[in-house]
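Working notes for the structure below.
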Amino acid sequence: MSESAVQIIARGPRAVAESAAAALDADPLLEGATYSILEEDEDRGVWRIDAFPTTSDEADGVAATLRRHDGLVVTVEDLADADWLAMSLSGLPPVRAGRFFVYGAHDQGRVPVNTVNLRIDAGAAFGTGHHGTTVGCLAAFDELLKRERFERVLDVGAGTGVLAIAAARTGSPVAIGTDIDAPSVRIARENAKLNQADVHFVHASGLNDRQVRRHGPYDLVFANILAPPLVALSQDIKGALRLGGVAILSGLLRTQERRVSAAYLSRGFRLERRIHRDAWSCLVMRRVG
Ligand SMILES: C[S@@+](CC[C@H](N)C(=O)[O-])C[C@H]1O[C@@H](n2cnc3c(N)ncnc32)[C@H](O)[C@@H]1O
């Protein structure tokens, strides 16, 4: 199986793009294939799938699946750069989630004027804004901001720092982020500087840090970190939130929704909203007890 350095792009109406994405999900041979699906042009109703196959077999399988969907225009482009991750991600379009517009260096100078623009470049940390889990968090946050203000925000598993930076840029005077991965913390700090956001990032596992405790209780906690740690951290997240505070939980698959929500419901949270993006689910839970 040879390595692949191509990006496959498919454009078409929403229903066709979603059905093609479902077909990619359903094919066991394409289990490991990475792709994103997003609305590229709201006015014209154009949706776009970007796939980044890692082998030529995977590339053939993805292209064939997409081409089986009438109404999608499929193109395959060569990626020539050695830094495949940065190169492929740099080809991604900017992401719009509510008021937030997440873009890379290549789109500098082409940002809208009426959005909160967050510059996040592709790199070694997770969270360029393209993943369904991140988009879900930003969309949920945007909705909440229409009715509430969040003075103190904690982002557990900050990655690039995009969520904590979004909080600081929308008026949260205290924004703290943690990550278990030291390089991610370094990248998140650089991103905060780049976005002129006053965020404090610490290298920590979960919420286990003196500075995290000192800045609480929080009005909002983001945690985009997969289902098992979300369940394991449910008591700590409750302890960090004030009564009435909100947890935006992401990183769980739709199939894991019940397990994660049950852990929080049993600890005195109420489920306020669910956002589904691709196979992912984002839960908005409020601490009421
Ligand atoms: C899915 S990424 C989310 C990144 C970013 N918050 C976003 O929404 O795009 C998860 C991040 O959580 C970090 N992580 C995983 N388990 C963690 C834990 N127990 N404590 C702190 N960070 C953790 C990973 O290193 C990774 O950077």
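Counting starts at 1 for both ligands and their atoms, following the listed order. Computed from heavy atoms alone, side chains included, the values below leave out hydrogens, waters and symmetry copies.
- For ligand 1, the atoms closer than 4.0 angstrom to any heavy atom of Gly159 are 4 (C), 27 (O).
- Taking 4.0 Å as the cut-off, Gly251 does not count as a neighbour of ligand 1 on heavy-atom distance.
- Gly206 counts as a contact of ligand 1, since one of its heavy atoms falls under 4.0 Å from the ligand.
- Using 4.0 Å as the threshold, Ala158 has a heavy atom nearer than that to some atom of ligand 1.
- A donor-acceptor contact closer than 3.5 angstrom links the side chains of Thr133 and Asn224.
- Note on ligand 1: Ala204 sits in its first shell, one or more heavy atoms being nearer than 4.0 Å.
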What donor-acceptor contacts under 3.5 angstrom involve side-chain atoms of residues 229-236, with partners at least two apart or in another chain?
from   : atom 1 : to     : atom 2 : distance (Å)
Ser234 : OG     : Val231 : O      : 2.8
Ser234 : OG     : Arg267 : NH1    : 2.8
Gln235 : OE1    : Arg267 : NE     : 2.7

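- In summary, Glu151 and Arg149 engage in a salt bridge, as defined by a charged side-chain N under 4.0 Å from a carboxylate O.
- Ring to ring, Phe150 and Tyr218 are not that close: their centroids are 6.0 angstrom or more apart.
- Taking 4.0 Å as the cut-off, Leu163 counts as a neighbour of ligand 1 on heavy-atom distance.
- The residues Glu148 and Arg286 are annotated as salt-bridged, a charged nitrogen and a carboxylate oxygen being separated by less than 4.0 angstrom.
- On a distance-only criterion, Thr134 and ligand 1 share at least one N/O pair closer than 3.5 Å.
- Every pair passing side-chain hydrogen bond (donor to acceptor under 3.5 Å, both in side chains) that includes a residue from residues 238-252 is listed here, sequence neighbours excluded: Asp219-Arg242.
- When Ile180, Ile120, Asn224, Val162 are checked for heavy-atom proximity to atom 8 (O) of ligand 1, Asn224 turns out nearest.
- Considering both main-chain and side-chain atoms, Asp181 never comes within under 3.5 Å of ligand 1 through any nitrogen or oxygen pair.
- Between His200 and His215, the angle of the ring planes lies from 30° to 60°, which puts this pair in the tilted group.
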